[in-house]
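Keep in mind that the numbers below use all heavy atoms, side chains included, and drop hydrogens, waters and symmetry copies. Below, chains carry the letters A, B, ... as their sequence lines are ordered, and counting in each starts from 1.
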Protein chains: 2
Amino acid sequence: MLDLKDFIRDIPDFPKEGILFKDITPLWQDPAAFRQAIDTLIDRFKDERVEIIIGAEARGFIIGAPMAYQLGTGLIPVRKPGKLPYKTISASYDLEYGTDSLEMHVDAVSPGQRVLIVDDLLATGGTAKALVELVEKAGAKVIGIAFLVELTFLYGRDKLEGYEVFSLMQY
Amino acid sequence: MLDLKDFIRDIPDFPKEGILFKDITPLWQDPAAFRQAIDTLIDRFKDERVEIIIGAEARGFIIGAPMAYQLGTGLIPVRKPGKLPYKTISASYDLEYGTDSLEMHVDAVSPGQRVLIVDDLLATGGTAKALVELVEKAGAKVIGIAFLVELTFLYGRDKLEGYEVFSLMQY
């Protein structure tokens with residue numbers, strides 16, 4: 001087994017000064033690391049009868065799409081406002097200054113469906129909380145939330161209490 | 001075999017009046033259609049010794065990531081300006097009014113590497129041409145360009161002459 005942290009690159013001062021950004025692109029670039037990451041996430045949820053996977057724009061698609069392919073489920077893209085062409089429902093989340101929101105097609109998930117939410121990074125948990133809200137607004141059930149990387153010092157997990165949260169790497 | 005066109009939804013007047021948008025989300029949402037689409041694209045290129053796959057933000061990730069996973073290659077994300085954290089190279093392309101550009105990490109592909117470019121839609125071909133330019137700037141070789149949907153009436157294929165262009169569905 002590879003140590004996947006060997007494929008995470010620290011970028012100082014991105015997107016702004018004082019932030020140490022965890023760049024995941026070297027992991028996606030390496031065939032063995034990419035496969036191991038996806039397979040380990042799948043392994044954690046393969047017995048949970050996942051019916052659909054939801055990925056958040058844009059990096060969440062890179063994890064969610066191969067998981068959906070391999071698990072034999074569909075993939076639902078959740079996107080920034082105005083990007084999805086059909087009727088949508090939305091949920092907002094707090095930014096450092098102000099708020100932002102995410103949209104999902106109104107017919108993307110069905111009531112009662114078992115949904116796995118995936119994203120690349122768990123930071124403050126704001127985006128993940130909005131994803132949970134979208135799924136539940138649609139009447140579906142969040143059976144888990146999976147991340148590649150968790151920044152534990154930001155306590156995002158606290159915002160997701162009561163849900164099954166799994167991350168591959170913690171910092 | 002499913003008729004994948006059954007999973008493409010027409011959205012009139014999106015993103016603006018007079019445009020009939022081909023919404024691919026129902027295809028991603030359906031497990032069998034999603035798998036068939038990815039597998040058919042893979043099948044076309046599986047004997048071409050693909051070494052790395054490049055996908056364009058954001059919908060290209062949904063096709064490129066499972067193809068990379070299944071073919072056993074890495075995935076390189078090409079993104080809008082300012083999104084990638086490390087040093088980048090860029091290529092611009094024309095919009096109806098003005099220009100836009102795409103960025104790729106400077107160390108994403110290696111000289112001589114055999115690259116497959118993937119995106120969801122071939123329209124005017126501007127984005128695909130910029131992707132080709134990025135790959136060739138890095139000294140790598142474009143062995144093919146794969147799309148889910150091709151809008152043949154926009155003649156994007158003409159901009160990609162000399163390259164192996166493959167699309168699953170044509171309108």
Identify which part of [X] has an atom lying under 4.5 Å from any heavy atom of chain A, answering side chain, backbone, both or neither.
X        : answer
Asp13(B) : neither
Tyr86(B) : both
Gln29(B) : both

For [X], look at atom [atom1] and say whether over 12 heavy atoms of other residues, nucleotides or ligands are found less than 6.0 Å away.
X         : atom1 : value
Tyr155(A) : OH    : no
Lys141(A) : NZ    : no
Lys129(A) : NZ    : no

Linking I/L/V/M/F/W/Y whenever any side-chain heavy atoms sit under 4.5 Å apart, do [X] and [Y] land together?
X         : Y         : value
Ile143(B) : Val118(B) : yes
Phe166(B) : Leu122(B) : no
Phe21(B)  : Val106(A) : yes
Phe45(B)  : Val115(B) : no
Leu160(A) : Leu151(A) : no

So which of Ile52(A), Val109(A), Ile11(A) has the biggest tally of heavy-atom pairs under 4.5 Å with chain B?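 Option with the greatest count: Ile11(A).
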Between chain B and each of Leu27(A), Ile53(A), Asp39(A), count heavy-atom pairs under 4.5 Å; write down the option with the most.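 Heavy-atom pairs under 4.5 Å are most numerous for Asp39(A).
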Any residues in residues 58-82 of chain B near chain A, with a heavy-atom distance under 4.5 Å, and which are they?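 Result: Ala58(B), Arg59(B), Phe61(B), Ile62(B), Ala65(B), Pro66(B), Ala68(B), Tyr69(B), Gln70(B), Gly72(B), Thr73(B), Gly74(B), Leu75(B), Ile76(B), Pro77(B), Arg79(B), Gly82(B).
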Please determine, among Pro85(B), Pro31(B), Gly55(B), the option with the most heavy-atom pairs under 4.5 Å with chain A.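 Heavy-atom pairs under 4.5 Å are most numerous for Pro85(B).
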